[in-house]
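Report on the structure given below.
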Amino acid sequence: MKYLYRIYQLLIALPLIAIYTLITSLMVTIGCTLGNGHFWGYYPGKWWAQFIIRILLLPVKVEGRENLVKGQSYVFVANHQGAFDIFLIYGFLSRNFKWMMKRQLRQMPFVGKACESAHHIFVDKRGASKIRETYDRARQTLQGGMSLVVFPEGARSFTGHMGVFKRGAFMLADDIELPVVPLTINGSFDIMPRTRDMKWVVWHPLRLTIHKPILPVGKGADNIKYLEQESYKVVMGGLEEQYQGFVENPDQ
């Protein structure tokens, strides 16, 4: 079955994914340029992510959607197991949001331009003024029920285990007084870990757990520390047993 699945990927799934990625990038870029960025900046990407997972025949289970309130903005924070984290969250969170992503992703052909047009937030760490600009853009974005998704580890795991959480997402949540929603991703590491980028997809179920929002307990350093520690504990608690525990990530 493994080799049949690889033949299917090579001859059917991957060519269609490449075509759909190009079409989606153009659709987002043109649609957001013409107007209604809330629609064009989210739904084509959602459909694209769902298409990738479904054409690769990967089963998906989502738990905890009932924990979210309609119209409420959130800062979602997730562990970063692998490339398929993006497809799982984009396709199945069922929440209009913007990504906070590395500025280097802006250089990706077509996709980078589409992300810029959709007003996803590129994190620029080249000095204090650039960091402030990033926070200002995020603050302006989180209006009218719009949410933000962040990988606080900042880099994908090498082992499937979690590294440390960086404070940026929690500082932002504190600054604009938003609840933080932890997300736990299981299965992405088994499908394509970063040590096997651009190689065969391994069939494995995906599971996204949407935990209960963590509400602020004031404002300032104590609240930031609380949001960070509670989120880490909750995300870790949702991982499969084999990926429980901290493992240092040298890329962080």
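The shown structure was predicted, so the numbers you read here are calculated from the model rather than taken from an experiment. One-based numbering along the sequence shown.
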Under a 4.5 Å cut-off applied to non-hydrogen side-chain atoms, are P152 and Y232 in contact?
no
Output every pair passing side-chain hydrogen bond (donor to acceptor under 3.5 Å, both in side chains) with a member in residues 13-30, not counting sequence neighbours, ordered by first then second residue.
T21-W48
According to the side-chain hydrogen bond (donor to acceptor under 3.5 Å, both in side chains) rule, which pairs have a member within residues 31-41, sequence neighbours left out?
none
Kindly state each residue pair satisfying salt bridge (charged side-chain N to carboxylate O under 4.0 Å, His left out) with at least one member in [range], sequence neighbours excluded.
{"range": "residues 180-204", "answer": "R156-D197, R194-D251"}
{"range": "residues 173-188", "answer": "R139-D175"}
{"range": "residues 66-85", "answer": "none"}
{"range": "residues 200-225", "answer": "E63-R207"}

Test your reading of the model: is there a side-chain donor-acceptor pair from [X] to the backbone of [Y], 3.5 Å cut-off?
{"X": "E228", "Y": "K166", "answer": "no"}
{"X": "T184", "Y": "V235", "answer": "yes"}
{"X": "Q252", "Y": "A155", "answer": "no"}
{"X": "H161", "Y": "Q242", "answer": "yes"}
{"X": "H120", "Y": "W99", "answer": "yes"}
{"X": "N79", "Y": "E153", "answer": "no"}

Which label fits Y8 and Y5: parallel for a plane angle under 30°, tilted from 30 to 60°, or perpendicular past 60°?
parallel
Do the ring planes of F189 and Y243 sit parallel (below 30°), tilted (30 to 60°) or perpendicular (above 60°)?
perpendicular
